[in-house]
Amino acid sequence: MFPASFGYVAAQSVDQALELLARHGEDAKLLAGGHSLIPAMKLRLAAPRILIDLGTVPGLRGARVAGDTLVIGALTVHADVASSDLVRKYVPGLADAASVIGDMQVRNRGTVGGSVAHADPAADFPVILTALNASFVLQSASGSRTVAADDFFIDFYTTAMAANEVLTEIRIPLPSGGAGTAYAKLPHPASGYVVVSAGVLLSRESSGHCAAARVVIGGLGSRPHRSVATETELTGKQLTPEVIAAAAGKAAQDTDPDEDTYASADYKRHAATVYARQAIAAAAKRAVG
Ligand SMILES: Cc1cc2nc3c(=O)[nH]c(=O)nc-3n(C[C@H](O)[C@H](O)[C@H](O)COP(=O)(O)OP(=O)(O)OC[C@H]3O[C@@H](n4cnc5c(N)ncnc54)[C@H](O)[C@@H]3O)c2cc1C
């Protein structure tokens with residue numbers, strides 16, 4: 001399968017990418033790792049006339065701490081997210097997610113920003129980044145704005161990002177002491193994409209009670225599902241196996257899972273409770289003060 005013919009520009013700066021986006025409008029597409037866009041072009045689901053490669057723009061890779069925030073460059077590849085010392089120290093749940101994406105080739109080429117911008121409902125990063133209360137820095141010719149993950153993922157392959165914006169950074173609030181993060185995934189056996197997954201951020205008081213929790217389930221619908229019922233069930237309680245199981249049992253409450261050829265709605269509902277329980281238990285274990 002071959003894509004329709006297209007032009008290619010290796011952008012040298014975000015400003016140049018923005019200028020090219022403005023000049024070419026709907027004919028242009030940004031290219032990051034190409035692991036979602038190029039397959040779509042080969043299937044003729046996308047046929048941009050010009051690709052603007054962000055891979056040649058300096059300064060968009062790597063992780064750093066700025067104040068109370070972990071900042072990850074949008075062009076950081078999945079493998080580098082998975083192995084980053086800062087990610088593993090502060091938000092190991094993000095490393096959990098990055099390390100189970102696709103295969104080694106995908107993890108060495110695909111970028112966290114590309115995954116977020118693509119907003120595939122079966123992707124891993126949108127789920128864990130929503131759990132981590134991340135926000136996304138979007139740059140355009142008129143300046144930059146920051147959108148919280150809760151407001152960013154809108155529908156299948158649809159985000160709050162405008163066509164004239166470039167995602168430059170992912171910003172994650174550093175969890176406080178006593179916080180734990182984790183991600184657990186039921187992968188599709190053929191593709192490795194999410195059938196159902198769970199991302200968790202929770203914090204524990206010195207008494208052992210859960211002070212706060214964010215529990216997000218992937219694979220159930222068009223966007224990550226915040227399980228408020230599970231969060232409420234955990235908050236204020238000792239994180240015993242019984243409490244965790246009861247809370248996880250509500251993971252798919254308030255949602256009507258989409259079925260597909262691989263998984264029925266009932267199967268997904270059940271899998272959501274299983275993977276939520278795993279992720280909550282792992283986050284609770286990491287939340288040791
Ligand atoms: C075989 C295979 C298995 C995979 N398995 C998984 C899996 O298990 N889990 C999973 O989550 N993903 C999986 N993926 C998808 C993979 O993670 C992709 O790399 C990712 O979804 C897209 O990142 P990319 O850098 O390749 O983006 P690209 O393909 O280059 O771009 C994707 C889209 O995002 C836009 N875009 C990219 N970067 C930016 C930016 N900085 N600002 C604005 N717009 C931007 C592009 O214009 C395009 O529309 C798989 C892919 C393949 C090929």
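This structure is a prediction, so every number in the text was calculated from the model and none was measured. Position 1 is the first residue of the sequence; numbering continues from there. First listed ligand is number 1; within each ligand, the first listed atom is number 1.
Here's the thing with I38: none of its N/O atoms is less than 3.5 angstrom from an N/O atom of ligand 1. Annotation: H78 places an N or O atom under 3.5 Å from an N or O atom of ligand 1; distance criterion only. Distances between N or O atoms of G192 and those of ligand 1 include at least one value under 3.5 Å. Ligand 1 has an N or O atom lying under 3.5 Å from an N or O atom of T111, backbone or side chain. Polar contact with ligand 1: absent for A74 (N/O pair, distance under 3.5 Å). Not one N or O of A117 is nearer than 3.5 Å to an N or O of ligand 1, by distance alone. For ligand 1, the polar-atom distance check against L75 finds no nitrogen or oxygen pair separated by under 3.5 Å. Polar contact check, L37 against ligand 1: a nitrogen or oxygen pair lies under 3.5 Å apart. Looking at R109 next to ligand 1, no N or O pair under 3.5 Å apart turns up. Any N or O atom pair closer than 3.5 Å counts here, and P39 shares no such pair with ligand 1.
Across all their heavy atoms, I128 and A182 have their closest contact at CD1-O, 3.7 Å. Across P187 and V195, no two heavy atoms sit closer than the pair C-CG2, 3.8 Å. Across every non-hydrogen atom of L37 and A46, the tightest pair is CD1-CB, 4.3 Å. Of all non-hydrogen atoms in A74 and I170, the two that sit nearest each other are CA-CD1, 4.1 Å.
A donor-acceptor pair under 3.5 Å links the side-chain atoms of S84 to the main chain of L86, judged by distance alone.
Taking 4.0 Å as the cut-off, Q105 does not count as a neighbour of ligand 1 on heavy-atom distance. Heavy-atom distances between F125 and ligand 1 stay at or above 4.0 Å for every pair.
Counting protein heavy atoms only, atom 27 (O) of ligand 1 is closest to G114 CA, 3.5 Å. If you check which protein heavy atom lies closest to atom 47 (O) of ligand 1, you get L30 O, 2.6 Å. Protein heavy atom at the shortest distance from atom 38 (N) of ligand 1 is A32 CB, 3.4 Å. In this structure, atom 7 (C) of ligand 1 lies nearest to the protein heavy atom G102 N, 3.4 Å. Among protein heavy atoms, atom 11 (O) of ligand 1 sits closest to D124 N, 2.9 Å. What sits closest to atom 51 (C) of ligand 1 on the protein, heavy atoms only, is Y193 OH, 3.3 Å.
Environment of CZ in R226: crowded, with over 12 heavy atoms of neighbouring residues, nucleotides or ligands closer than 6.0 Å.
Between the choices I128, L167, T168, the shortest heavy-atom distance to atom 42 (N) of ligand 1 belongs to L167. The heavy atom nearest to atom 19 (O) of ligand 1, out of those in G33, G110, S36, is found in G110. In this structure, of L31, L54, V106, the residue bringing a heavy atom nearest to atom 2 (C) of ligand 1 is V106. Remark: among candidates H188, K29, H118, H35, the nearest residue to atom 33 (C) of ligand 1 is H118, based on non-hydrogen atoms.
A salt bridge is absent between R61 and D80; no separation between the charged side-chain nitrogens and carboxylate oxygens falls under 4.0 Å. Classification of E169 and R64 as a salt-bridged pair holds, one side-chain N sitting under 4.0 Å from a carboxylate O. Salt-bridge formation is detected for the pair R269/D256: a Lys NZ or Arg NE/NH1/NH2 atom is positioned less than 4.0 Å from an Asp or Glu carboxylate oxygen.
A distance of 6.0 Å or more separates the ring centres of F125 and F153.
Contact check for L94 versus I72: side-chain heavy atoms found under the 4.5 Å cut-off.
With a heavy-atom cut-off of 4.0 Å, K185 touches ligand 1 through its side chain alone. Of the heavy atoms in D103, none comes closer than 4.0 Å to ligand 1.
Inspection of the Y183 and S197 side chains reveals an N or O donor paired with an N or O acceptor under 3.5 Å.
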*When you look at Y275 and Q278, which way does the side chain to side chain contact (heavy atoms under 4.5 Å, CB included) test go after all the steps?*
CA-CA 5 Å; Y275 286 85; Q278 280 183 18; 3.8 Å; yes
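Residue A123 approaches ligand 1 through these ligand atoms, each under 4.0 Å from one of its heavy atoms: 10 (C), 11 (O). Counting atoms of ligand 1 from 1 in the listed order, those under 4.0 Å from a heavy atom of M161 are 43 (C), 44 (N). Shown in contact with G34 at under 4.0 Å from a heavy atom are these atoms of ligand 1, numbered in order with element: 24 (P), 26 (O), 27 (O), 28 (P), 29 (O), 30 (O).
Grouping the Ile, Leu, Val, Met, Phe, Trp and Tyr side chains by contacts below 4.5 angstrom, directly or via other members, places V196 with I244.
The aromatic rings of Y262 and H188 sit tilted relative to each other, their planes meeting at an angle between 30° and 60°.
Once rounded to the nearest 0.5 Å, the distance linking CG of L43 with CE of M41 reads 11.5 Å.
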